[in-house]
Chemist: 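Here's a structure for you.
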Number of protein chains: 2
Amino acid sequence: MDAELTPRQTFFNLPPDKQQRVLEAAVQEFSERGYQQASINTIVSRVNIAKGSIYQYFDNKKSLFLFIFHQAISIVRQMLKHVKKESQGEDFFTRVKKSLLAGVEFIDKHPALYRIYLRILFERDSPLREDLLQAIRLFSREYLLSLLEEGQERGEIRKDIDPTLAIFILDAALDRFLQIYALPHLDPALDLKKKEGIEEKIDGIVTLLRHGLASVSGV
Amino acid sequence: MDAELTPRQTFFNLPPDKQQRVLEAAVQEFSERGYQQASINTIVSRVNIAKGSIYQYFDNKKSLFLFIFHQAISIVRQMLKHVKKESQGEDFFTRVKKSLLAGVEFIDKHPALYRIYLRILFERDSPLREDLLQAIRLFSREYLLSLLEEGQERGEIRKDIDPTLAIFILDAALDRFLQIYALPHLDPALDLKKKEGIEEKIDGIVTLLRHGLASVSGV
DNA sequence: CCATAATATGACCACCTGGTCATATTAAAA
DNA sequence: TTTTAATATGACCAGGTGGTCATATTATGG
């Protein structure tokens with residue numbers, strides 16, 4: 001338990017651009033190879049520092065990884081908090097749409113960070129994996145739940161539905177959409193490469209979630 | 001290109017129970033640690049054979065992995081083919097429900113195989129990863145599409161919906177459901193551990209997909 | 001019983017990993 | 001300039017990997 005989970009002071013004393021180069025190289029490597037396969041050797045050689053140096057900045061591989069991951073989480077939290085605030089008063093499905101668009105924006109800005117999330121999702125050996133994932137899920141579900149409840153109060157959402165199930169479907173669809181956006185080969189049919197079509201696709205999906213698939217619209 | 005993608009004859013000459021022990025140990029290891037991290041040393045020591053022996057059975061690690069993976073795919077194909085045939089003539093949403101139940105059954109029977117699928121999903125370094133995933137996706141989408149089209153012909157499904165989007169949502173929800181079933185910690189709220197509740201949960205989800213979330217059911 | 005083919009074995013190889021540490025270099029303080 | 005503290009360096013370590021191969025063991029059939 002000696003190891004710190006934050007960088008050492010030495011790291012923060014570095015010139016900011018050097019800090020950034022180190023972090024960028026690490027993010028790149030973790031996103032490309034996952035936690036276990038990521039190589040400290042590769043990182044230091046990419047950023048052109050000696051191997052020993054990175055151990056002046058971080059206690060070990062785990063500490064470097066966790067620092068990056070927590071940074072990413074905090075970016076996402078801020079983004080969603082922002083969307084929620086800005087869209088206050090708007091229709092539930094509009095808010096869902098805007099949240100999804102924010103997700104797309106995040107991936108555009110930080111594709112490697114999103115990749116790291118995807119990797120940790122199914123790499124059993126990432127450190128603190130379960131804790132990290134649960135933190136994300138919990139936040140995501142709380143976020144959607146608050147939107148949903150507001151929607152129910154306004155009468156936009158049926159009141160008899162089980163919020164757990166509704167959130168399950170929303171979460172699944174949103175998550176998958178972003179996954180496909182980041183890794184298009186996952187679903188060649190839903191072609192999200194061309195920017196213009198995306199908003200229409202989102203509209204279509206939200207509409208389906210709204211009205212359902214069935215042709216007879218009764219109970 | 002010397003390497004074969006199938007076991008060597010020697011493997012098939014083995015007593016069947018030995019074949020099975022080898023495969024089971026390999027499945028176990030790949031499911032626990034993914035492709036790259038899986039250790040041939042661990043496999044041979046678990047099945048109590050010498051390291052050299054496994055290279056009498058398979059050309060290399062990749063060949064062993066692919067053999068297992070293809071076996072798994074073929075099991076899934078058979079299961080879905082069976083469900084589709086057995087449920088012919090039934091309502092679209094009932095068929096979706098039964099397909100999902102078949103998925104649950106598969107995970108119960110072959111939990112490690114399903115884990116391997118989950119791992120390959122986001123491990124960039126699995127061999128032939130993209131090919132394997134595309135094969136799965138294609139099959140899954142074709143399967144759902146054929147159900148959907150039959151449903152549209154019967155008038156159970158609105159005819160104006162974009163099949164690509166509908167399948168996207170269905171696929172996302174089904175896939176996620178199974179993921180949570182296999183890895184409950186992914187969604188502690190949707191608690192799928194107790195067997196009795198599952199069918200109700202599936203019913204609830206299918207109903208939501210059917211009628212949508214909105215309270216006013218117009219266009 | 002012998003000869004031949006099939007199978008089993010584990011020491012060994014080159015390579016890579018995360019991490020260490022004595023030493024060299026640079027910066028700051030006196 | 002001299003002293004002291006901070007930082008940079010890369011050879012080195014123990015431990016792991018996938019894969020090989022000469023040799024030993026077993027099975028087969030004449």
Side-chain angles (χ1 to χ4, degrees), chain A residues 1-5 7-23 25-26 28-30 32-68 123-128, chain B residues 1-5 7-23 25-26 28-30 32-68 123-128:
Chain A
M1 271 298 175
D2 275 318
E4 278 294 330
L5 263 47
R8 292 184 166 161
Q9 185 54 44
T10 305
F11 179 71
F12 294 114
N13 295 343
L14 253 40
D17 70 292
K18 190 168 185 179
Q19 290 181 35
Q20 212 180 346
R21 277 192 300 130
V22 171
L23 290 182
Q28 185 67 22
E29 176 68 3
F30 281 124
E32 279 177 7
R33 332 227 349 207
Y35 176 76
Q36 282 286 351
Q37 272 231 251
S39 160
I40 297 289
N41 291 324
T42 302
I43 294 173
V44 297
S45 91
R46 273 195 201 159
V47 76
N48 258 331
I49 57 176
K51 188 165 183 178
S53 291
I54 207 162
Y55 286 96
Q56 306 258 35
Y57 309 151
F58 299 88
D59 275 13
N60 47 37
K61 192 181 182 181
K62 173 179 170 184
S63 153
L64 170 59
F65 176 78
L66 288 178
F67 180 65
I68 286 170
E123 275 190 22
R124 173 168 285 178
D125 29 34
S126 303
L128 302 184
Chain B
M1 269 301 176
D2 275 315
E4 278 294 330
L5 264 46
R8 293 186 165 159
Q9 186 54 44
T10 304
F11 178 71
F12 295 113
N13 295 342
L14 253 39
D17 70 293
K18 190 168 186 179
Q19 291 181 34
Q20 212 180 347
R21 276 192 302 128
V22 171
L23 290 182
Q28 184 69 20
E29 177 68 3
F30 281 124
E32 279 177 6
R33 330 230 348 213
Y35 176 76
Q36 281 287 352
Q37 273 231 250
S39 161
I40 297 288
N41 290 323
T42 303
I43 295 174
V44 296
S45 91
R46 273 196 199 157
V47 75
N48 258 331
I49 58 175
K51 187 165 183 177
S53 290
I54 206 161
Y55 287 95
Q56 306 259 33
Y57 309 151
F58 299 88
D59 275 13
N60 48 36
K61 191 181 183 182
K62 173 179 170 184
S63 153
L64 170 59
F65 176 77
L66 287 178
F67 181 65
I68 286 171
E123 275 190 22
R124 173 168 284 178
D125 28 33
S126 304
L128 302 184

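Everything numeric here is computed off the predicted structure, so don't read it as measured data. Letters A, B, ... are given to chains in the order of the sequence lines, protein chains preceding strands, and every chain is numbered from 1.
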Chemist: Distances under 3.5 Å only, N/O to N/O: pair up the protein atoms with those of nucleotides 13-18 of chain D.
Modeler:
unit_1: D/dT17; atom_1: OP1; unit_2: B/S39; atom_2: OG; d: 3.0
unit_1: D/dT17; atom_1: OP2; unit_2: B/N41; atom_2: ND2; d: 3.0
unit_1: D/dG18; atom_1: OP1; unit_2: B/A38; atom_2: O; d: 2.7
unit_1: D/dG18; atom_1: OP1; unit_2: B/I40; atom_2: N; d: 3.4
unit_1: D/dG18; atom_1: OP1; unit_2: B/K61; atom_2: NZ; d: 3.0
unit_1: D/dG18; atom_1: OP2; unit_2: B/I40; atom_2: N; d: 3.0
unit_1: D/dG18; atom_1: N7; unit_2: B/K51; atom_2: NZ; d: 2.9

Chemist: Could you tell me the separation between the CD1 atom of A/I49 and the P atom of D/dG10, rounded to a whole number of Å?
Modeler: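 In whole Å, D/dG10 P and A/I49 CD1 are 11 Å from each other.
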
Chemist: What does A/Y57 touch in the nucleic acid at a heavy-atom separation under 4.0 angstrom: a base, only the sugar-phosphate, or nothing?
Modeler: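 Sugar-phosphate: the residue A/Y57, judged by heavy atoms under 4.0 Å, touches backbone atoms but no base.
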
Chemist: For the residue pair A/I43 and A/A26, what are the closest heavy atoms and their distance?
Modeler: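 Shortest heavy-atom separation between A/I43 and A/A26 comes out as CD1-CA, 3.8 Å.
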
Chemist: Counting N and O atoms only, with roles assigned by atom type, does the side chain of A/R21 sit under 3.5 Å from a partner on the main chain of A/R46, one being a donor and the other an acceptor?
Modeler: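 Between the backbone of A/R46 and the side chain of A/R21 there is no qualifying donor-acceptor contact (under 3.5 Å).
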
Chemist: To the nearest angstrom, how far is A/N48 atom CG from D/dG10 atom P?
Modeler: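 The answer, rounded to whole Å, is 10 Å.
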
Chemist: Under the side chain to side chain contact (heavy atoms under 4.5 Å, CB included) rule, what do A/Y55 and A/V44 come out as? Steps first, then yes or no, please.
Modeler: CA-CA 10 Å; A/Y55 286 96; A/V44 297; over 6 Å; no

Chemist: Run the side chain to side chain contact (heavy atoms under 4.5 Å, CB included) test on B/F30 and B/L64 for me, step by step, so that the C-alpha distance in whole Å, both residues' side-chain angles and the decisive distance to 0.1 Å come before the verdict.
Modeler: CA-CA 10 Å; B/F30 281 124; B/L64 170 59; 4.1 Å; yes

Chemist: Within this structure, what is the CD-to-C1' distance between B/Q19 and C/dT7, rounded to whole angstrom?
Modeler: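 So the two atoms are 14 Å apart, to the nearest Å.
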
Chemist: Rounded to the nearest Å, what distance is computed from the CG atom of residue B/D59 to the P atom of nucleotide D/dG19?
Modeler: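 One finds 10 Å between P of D/dG19 and CG of B/D59, rounded.
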
Chemist: Measure from CZ on A/F30 to C1' on C/dT17 and round the result to the nearest Å.
Modeler: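 Rounded to the whole Å, the gap is 13 Å.
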
Chemist: With distance as the sole test, does A/Y35 use its side chain to make a donor-acceptor pair with the main-chain N or O of A/K62 at under 3.5 Å?
Modeler: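 A pair under 3.5 Å: yes.
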
Chemist: Can you tell me how far P of D/dT7 sits from CZ of A/F12, to the nearest Å?
Modeler: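 Interatomic distance, CZ of A/F12 to P of D/dT7: 13 Å.
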
Chemist: Which is true for B/K18 with a 4.0 Å heavy-atom rule: it touches a base, it touches only sugar-phosphate, or it touches nothing?
Modeler: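 Answer is sugar-phosphate: B/K18 comes under 4.0 Å of backbone atoms only.
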
Chemist: Sub-3.5 Å donor-acceptor pair from the side chain of B/E29 to the main-chain atoms of B/A38, do we have one?
Modeler: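 No; zero donor-acceptor contacts below 3.5 Å.
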
Chemist: Among the candidates C/dT7, D/dT7, D/dT9, find the nucleotide nearest to the side-chain atoms of A/S53.
Modeler: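 Taking heavy atoms from C-beta onward, the closest nucleotide is D/dT9.
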
Chemist: Once you round it to whole Å, what is the distance between P of C/dA8 and CZ of B/R21?
Modeler: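 Rounding to the nearest Å, CZ of B/R21 and P of C/dA8 are 11 Å apart.
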
Chemist: On the nucleotide D/dT7, are OP1 or OP2 found under 4.0 Å from the side-chain N or O atoms that A/N13 carries?
Modeler: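 For D/dT7, OP1/OP2 do have a side-chain N/O of A/N13 under 4.0 Å.
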
Chemist: To the nearest Å, how far apart are A/I43 CD1 and C/dG19 P?
Modeler: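 So the two atoms are 11 Å apart, to the nearest Å.
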
Chemist: Applying the side-chain contact (heavy atoms from CB on, under 4.5 Å) criterion to A/Y57, which one of A/K18, A/Q19, A/Q9, A/R8 satisfies it?
Modeler: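 In the set A/K18, A/Q19, A/Q9, A/R8, the residue that makes a side-chain contact (heavy atoms from CB on, under 4.5 Å) with A/Y57 is A/K18.
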
